[in-house]
**Student:** 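Could you have a look at this structure, given as structure tokens, before my questions?
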Amino acid sequence: MTTFFINLLRIMKYPFQEIELKWQKFWEEKKVYKTDLTDLEKKIYCLVMFIYPSAAKMHIGHWYNYGPTDSWARFKKLRGYNVFEPIGYDAFGLPAENYAIKTGIHPQDSTLQNINDIRAMVKHMGGMYDWDSELMTCAPEYYRWNQWLFLQLYKKGLAYRKNAPVNWCPSCQTVLAREQVLNDGSCERCGTTVVQKNLTQWFFKITDYAEELLDGLNKIDWPEKTKTMQINWIGKSIGAEVDFSVSGTDDKIKVFTTRPDTLFGATYMVLAPEHPLVDKLTTSEFKKKVDEYKDSIKSMTEIDRTSTVKEKTGIFTGAYAINPVTNKYIPIWIADYVLMTYGTGAIMAVPGQDERDWEFAEKFDLPIIRTVQTPEGFEGKAYIEDGPAINSEFLNGFYVEDAKKKIIKWLEEKGIGKHTINYRLRDWLISRQRYWGTPIPIIHCDECGLVPVPEDQLPVVLPYNVNFKPDGGSPLASNSEFVNTKCPKCGSDAKRDVDTMDTFVDSSWYYLRYLNPKYDKGMFDPELGKAWTPVDMYVGGAEHAVMHLLYARFIHKFLRDIGLVISDEPFQKLIHQGTITNLGAKMSKSKGNVVDPNQFVYEYGADVFRMYMMFMGPYELGGDWSDKGIVGVDRFVQRTYSLFNNHRNYSIDFPSKERYDLNGLSEVEKAIYRKVNQTLEKIQTEVEHFRFNTAVAALMELLNELKSLDECVNNFKTFVLERFALMFAPLAPHLGEECWYLLGYEKSLFENPKWFEVDKSALIEDKVNVAVQVNGKLRATIEVPINSDKEATAKAAKSDERVIKHIQDKEIVKEIFVPNKIYNIVVK
RNA sequence: GCCGAAGUGGCGGAAUUGGUAGACGCGCUGGACUCAAAAUCCAGUGAGGCUCAAACCUCGUGCCGGUUCGAGUCCGGCCUUCGGUACCA
């Protein structure tokens with residue numbers, strides 16, 4: 001007997017395993033999510049940042065990124081848009097290679113295995129991805145076009161080689177990424193102190209696009225925060241370049257300054273220790289100390305060097321430069337706070353107007369001259385605000401902006417300086433001394449030099465057999481079959497470039513490849529690229545605010561310049577999902593605070609888990625993980641299922657009307673009719689703006705209202721249930737389909753998208769509650785007919801006992817009336 | 001240090017352009033069902049005061065001040081937390 005009842009309850013409970021699988025199979029077999037890319041009317045390209053398959057599992061962050069975004073896409077689909085929603089794998093990269101070094105499992109094998117596992121999980125989530133457009137960047141038919149892109153950039157002079165410092169571990173004999181260097185500057189693998197080493201590297205000349213990358217930000221709908229970060233990253237500053245002669249030589253030192261107006265106050269110069277002139281200028285007397293100083297900073301990262309807490313260090317070179325306006329000799333120093341990578345690698349130091357220079361001058365007892373009048377009572381050190389120039393001869397009295405213009409004119413006339421715009425943005429270093437990436441399509445020939453691989457010989461296939469264990473140099477160098485080749489130009493023996501590309505190259509154009517990943521006549525189908533970009537909605541983490549999102553914008557603009565796309569920007573609208581933390585910290589293996597989503601997916605089902613992630617809070621905020629509320633969403637789903645289970649075939653047996661006249665409805669029906677239409681309107685605006693938490697809450701409210709559904713006539717019930725199912729479907733797609741099916745429909749909802757119009761006339765209540773305040777304090781709420789005028793509301797308000805109590809024997813000074821909302825009586 | 005975001009019940013969080021603070025959910029309390037429990041359903045639930053109870057009153061959105069008939073929302077000054085960034089000449 002007892003067992004019987006328990007079994008009965010089990011039967012009644014929403015069998016999510018069965019139903020989710022049923023619809024996943026249906027969607028896939030019927031290719032419900034195959035997008036017709038030729039249908040451009042009402043097209044929407046909805047993109048999520050593709051998956052980095054460094055582990056075989058989908059973590060909470062993936063679910064949080066993909067689930068809600070898929071719900072948005074489904075909502076758009078139901079509303080009649082032709083939505084393209086692809087998914088793929090950012091499959092190259094360091095983690096797979098590190099894993100290989102540790103375990104011996106080849107990166108290709110582990111990556112393909114991970115992709116298979118992750119694909120199954122993505123399907124389990126129930127996203128409406130167009131599986132025909134799935135791609136992975138480690139496939140030759142994908143990275144072939146990275147190589148092609150490289151050659152186009154090379155042709156235009158936008159891919160070039162130069163020396164650049166890398167983090168080098170002398171023990172492992174390998175280049176390290178910044179994340180492989182620990183905070184104390186040691187190698188994460190062996191603990192040896194990492195040093196900076198110069199290597200010849202490939203760069204993409206993103207700086208050529210600096211101005212346009214800055215400009216373009218005005219045209220796109222991105223979070224202000226992200227745009228600001230890009231603006232700061234590009235770091236445009238306007239100033240001047242000035243040449244300083246070096247005493248006793250013909251050498252000139254070029255400096256960049258944003259404050260040319262302070263030239264009269266330049267009392268010394270500082271070069272970056274790596275500056276090419278340092279060795280030449282240093283006098284024999286100081287050579288030893290300078291060399292020692294250079295050695296002492298060799299193992300310092302840029303972060304160490306530029307730390308604000310560290311005391312200033314530096315050393316005199318023994319040489320002097322000549323200040324071009326005062327003709328005075330000023331000492332030339334070197335110091336680590338000047339970086340070779342910014343500006344010209346040399347500064348004129350003006351301690352009077354620069355805090356860093358002041359600190360340095362004070363420490364090393366260098367002269368300080370103020371060239372801007374400080375305001376009365378100013379007691380600080382360097383004065384960086386505006387003011388009239390002093391101690392500056394022909395500039396005296398001019399304020400900063402005017403003084404700048406005047407001195408730049410003077411410098412230009414004398415031919416020793418010019419107006420300059422400088423960017424903080426550096427060119428993009430794309431070569432990696434790694435295995436698991438796209439080979440660089442260049443051949444080194446002793447006769448012809450650098451020779452690009454002819455386009456018809458692409459792809460340069462990444463060989464499987466290499467020694468990817470770190471033993472110096474690029475792993476590809478270990479495969480002689482790969483390395484040794486013939487020069488395409490002269491036919492003599494030559495060697496292939498053994499470096500691979502940064503994976504940010506892969507992710508800079510994948511959204512174009514999705515449109516037809518099998519296209520073999522080019523990087524992507526240009527017709528589709530032109531029609532489907534910019535991407536309408538791009539959703540991904542804020543950690544990509546600068547690098548990925550800037551590189552992709554650069555590449556897109558380049559592709560436009562060579563005629564492959566016509567849009568200026570790749571991503572029109574951008575949304576960042578928040579970060580889900582656990583116990584106050586980002587989830588990571590090393591912290592041991594990773595939450596496995598599968599335990600919840602297996603216990604409650606994909607729909608419940610997705611919906612719970614949406615219900616947790618504002619999408620863009622993220623928050624700390626807690627599974628406390630998931631039972632609430634589960635109950636909601638259970639109640640929904642039993643509601644529809646109890647109304648099977650209603651759409652067939654009791655077809656509803658398009659709309660109902662309020663006057664013909666009972667009081668209960670009227671209330672429900674209003675609520676349904678209000679909810680429909682609410683869902684529309686909330687889901688549209690990624691406010692899923694309030695959308696779910698609105699549906700829960702509606703379900704609560706439906707407790708009295710039994711008191712309604714049958715065809716009215718159908719009206720309500722159909723709308724409920726439709727609103728529910730984007731948020732919980734499997735059960736949404738099932739509800740629609742339970743109502744008696746043969747065609748799947750997402751196969752035959754549908755949306756109901758709001759009956760606006762039902763949104764208006766006929767009675768409203770007006771808050772009556774006395775001196776701004778709530779004293780009563782009264783119910784009045786909607787749109788009651790001031791007089792009528794006042795009459796009702798002032799006859800309420802609770803109000804009378806507070807206004808009797810008092811003088812009414814003022815009365816404020818906001819129709820349908822507030823009646824405030826101000827008394828003395 | 002600088003830039004950005006956020007501080008609301010026991011908890012996650014709601015709250016158009018300033019207009020009834022606490023929607024929705026969790027938890028908790030009481031009740032129904034049950035031999036009992038679980039599940040489910042119903043009711044209550046910011047704090048305090050006064051009440052047998054209700055009514056009612058006071059306080060209440062990190063802190064201090066301001067503007068306003070009216071402030072979670074606007075302004076000024078702080079505090080805390082979380083992200084981002086690192087001497088950019």
Side-chain angles (χ1 to χ4, degrees), chain A residues 2 5-6 9-10 12-13 223-226 228-229 232-233 235 237 239 255-259 262 270 272 302-310 312 335-339 341-350 353-357 359-360 422-424 542-543 545-546 578-579 581 584-586 612 615-618 620-633 635-636 638-639 642 685 691 693-704 707 769-781 801-802 805 813-818 820-827:
Chain A
T2 322
F5 275 112
I6 289 171
L9 285 169
R10 277 209 188 119
M12 281 158 65
K13 208 169 151 114
E224 281 307 316
K225 191 183 156 174
T226 309
T228 305
M229 281 171 80
N232 294 338
W233 192 263
S237 53
V255 303
F256 173 74
T257 176
T258 53
R259 293 295 302 275
T262 63
V270 186
E302 216 159 78
I303 293 170
D304 289 331
R305 282 173 56 164
T306 55
S307 160
T308 39
V309 287
K310 183 176 83 63
K312 292 261 176 302
D336 60 355
Y337 80 94
V338 174
L339 305 173
T341 47
Y342 182 76
T344 60
I347 62 160
M348 63 179 214
V350 190
Q353 271 72 233
D354 186 288
E355 282 161 353
R356 296 156 299 175
D357 296 346
E359 200 192 317
F360 194 85
N422 194 55
Y423 297 94
R424 178 189 178 276
E543 67 273 19
V546 215
T579 311
T581 56
K586 266 189 195 167
Y612 177 57
F615 187 60
M616 274 171 50
E620 273 141 293
L621 271 181
D624 208 45
W625 171 257
S626 160
D627 58 11
K628 279 218 177 115
I630 196 165
V631 294
V633 175
R635 281 176 200 153
F636 172 58
Q638 299 297 340
R639 284 164 64 202
S642 70
T685 53
R691 291 193 293 256
N693 53 334
T694 46
V696 175
L699 271 182
M700 286 174 167
E701 275 188 64
L702 177 59
L703 185 63
N704 289 342
K707 275 168 191 163
N769 286 323
V770 169
V772 184
Q773 302 178 334
V774 178
N775 288 345
K777 269 189 181 145
L778 180 73
R779 295 303 176 186
T781 52
E801 270 178 51
R802 294 165 294 188
K805 221 165 75 181
V813 187
K814 201 174 175 184
E815 288 167 68
I816 291 116
F817 172 62
V818 182
N820 302 324
K821 284 221 165 116
I822 289 280
Y823 199 89
N824 188 9
I825 304 165
V826 186
V827 297

**Student:** Using the P atom on both, measure A55(B) against A47(B) and round to a whole Å.
**Tutor:** 16 Å

**Student:** Parallel, tilted or perpendicular, judged at 30° and 60°: which one describes the rings of F817(A) and Y823(A)?
**Tutor:** tilted

**Student:** Give T579(A) one of three labels, base, sugar-phosphate or nothing, depending on what nucleic acid heavy atoms sit under 4.0 Å from its own.
**Tutor:** nothing

**Student:** Between C11(B) and C88(B), how far apart are the two C1' atoms, rounded to whole Å?
**Tutor:** 45 Å

**Student:** When you compare G76(B) with G18(B), how far apart are their P atoms, in angstrom units rounded to a whole number?
**Tutor:** 16 Å

**Student:** Do D357(A) and I347(A) make a side-chain contact, defined as non-hydrogen atoms from C-beta onward lying under 4.5 Å apart?
**Tutor:** yes

**Student:** Any side-chain N or O of K707(A) below 4.0 angstrom from OP1/OP2 of C42(B)?
**Tutor:** yes

**Student:** Please state how far atom CD in E543(A) lies from atom P in G83(B), giving the value in whole angstrom units.
**Tutor:** 13 Å

**Student:** Please enumerate all residues that pass salt bridge (Lys or Arg N to Asp or Glu O under 4.0 Å) together with R779(A), with sequence neighbours excluded.
**Tutor:** none

**Student:** Considering only the P atoms, how many Å lie between C26(B) and U80(B), rounded to the nearest integer?
**Tutor:** 36 Å

**Student:** Along nucleotides 13-26 of chain B, 5' to 3', which nucleotides get a B, which get an S, and which get a -, given that the test is a protein heavy-atom distance under 4.0 Å?
**Tutor:** SS----BB--BBSS

**Student:** Quick one: list whatever passes salt bridge (Lys or Arg N to Asp or Glu O under 4.0 Å) with R635(A), sequence neighbours left out.
**Tutor:** none

**Student:** Can you list every stem that RNA chain B is part of, counting only runs of 3 or more consecutive Watson-Crick or G-U wobble pairs with both distances under 3.5 Å?
**Tutor:** B:1-7 with B:79-85, B:10-12 with B:24-26, B:27-32 with B:40-45, B:46-49 with B:56-59, B:62-66 with B:74-78

**Student:** Quick check on RNA chain B: between M229(A) and T257(A), whose nearest nucleotide comes earlier from the 5' end?
**Tutor:** M229(A)

**Student:** Tell me: CZ of R356(A) to C1' of A86(B), nearest whole Å?
**Tutor:** 12 Å

**Student:** Extract all donor-acceptor atom pairs below 3.5 Å that involve side chains of residues 696-704 of chain A and protein atoms in other chains or at least two apart in sequence.
**Tutor:**
residue : atom : partner : partner atom : Å
E701(A) : OE1  : K675(A) : NZ           : 2.9
N704(A) : OD1  : R639(A) : NH2          : 2.8

**Student:** CD of Q353(A) versus P of A89(B): gap in Å, rounded?
**Tutor:** 15 Å

**Student:** Consider side-chain contact (heavy atoms from CB on, under 4.5 Å). Of N824(A), I816(A), V826(A), which one does Q773(A) pass it with?
**Tutor:** N824(A)

**Student:** Report yes or no: is there a donor-acceptor pair, N or O only, under 3.5 Å between the side chain of K805(A) and the base of C56(B)?
**Tutor:** no

**Student:** Taking G25(B) as the reference, what is the distance to G46(B) when you measure between their P atoms (whole Å, please)?
**Tutor:** 15 Å

**Student:** Using atom P of each nucleotide, how far apart are G10(B) and G62(B) to the nearest Å?
**Tutor:** 13 Å

**Student:** When the C1' atoms of G1(B) and A86(B) are compared, how many Å lie between them, rounded to an integer?
**Tutor:** 9 Å

**Student:** Output the rounded distance in Å from CD (E801(A)) to C1' (A54(B)).
**Tutor:** 14 Å

**Student:** CZ/R424(A) to CG/N232(A) distance, rounded to the nearest 0.5 angstrom?
**Tutor:** 8.0 Å

**Student:** OP1, OP2 of U58(B) versus side-chain N and O of R779(A): anything below 4.0 Å?
**Tutor:** yes

**Student:** Which residues pass the salt bridge (Lys or Arg N to Asp or Glu O under 4.0 Å) test with E543(A), not counting sequence neighbours?
**Tutor:** none

**Student:** Starting at CG of N232(A) and ending at P of G84(B), how long is that distance when rounded to a whole Å?
**Tutor:** 15 Å

**Student:** Less than 4.5 Å apart, any side-chain heavy atom of T258(A) and any of F256(A)?
**Tutor:** yes

**Student:** OP1 or OP2 of C82(B) sitting under 4.0 Å from any side-chain N/O of T581(A)?
**Tutor:** no

**Student:** Of the candidate nucleotides G84(B), U58(B), C3(B), which contains the atom at the shortest distance from the side chain of T228(A)?
**Tutor:** C3(B)

**Student:** With rounding to the closest Å, how many angstrom separate the P atoms on C64(B) and C59(B)?
**Tutor:** 15 Å

**Student:** Which word best sums up how the rings of Y337(A) and F360(A) line up, parallel for under 30°, tilted for 30 to 60°, or perpendicular for over 60°?
**Tutor:** tilted

**Student:** Between I347(A) (CD1) and A89(B) (P), how many Å, whole number?
**Tutor:** 11 Å

**Student:** Nearest 0.5 Å please: distance from the CD1 atom of I825(A) over to the NZ atom of K814(A).
**Tutor:** 14.0 Å

**Student:** Since syn is defined as within 90° of 0, does G9(B) count as syn or as anti?
**Tutor:** syn

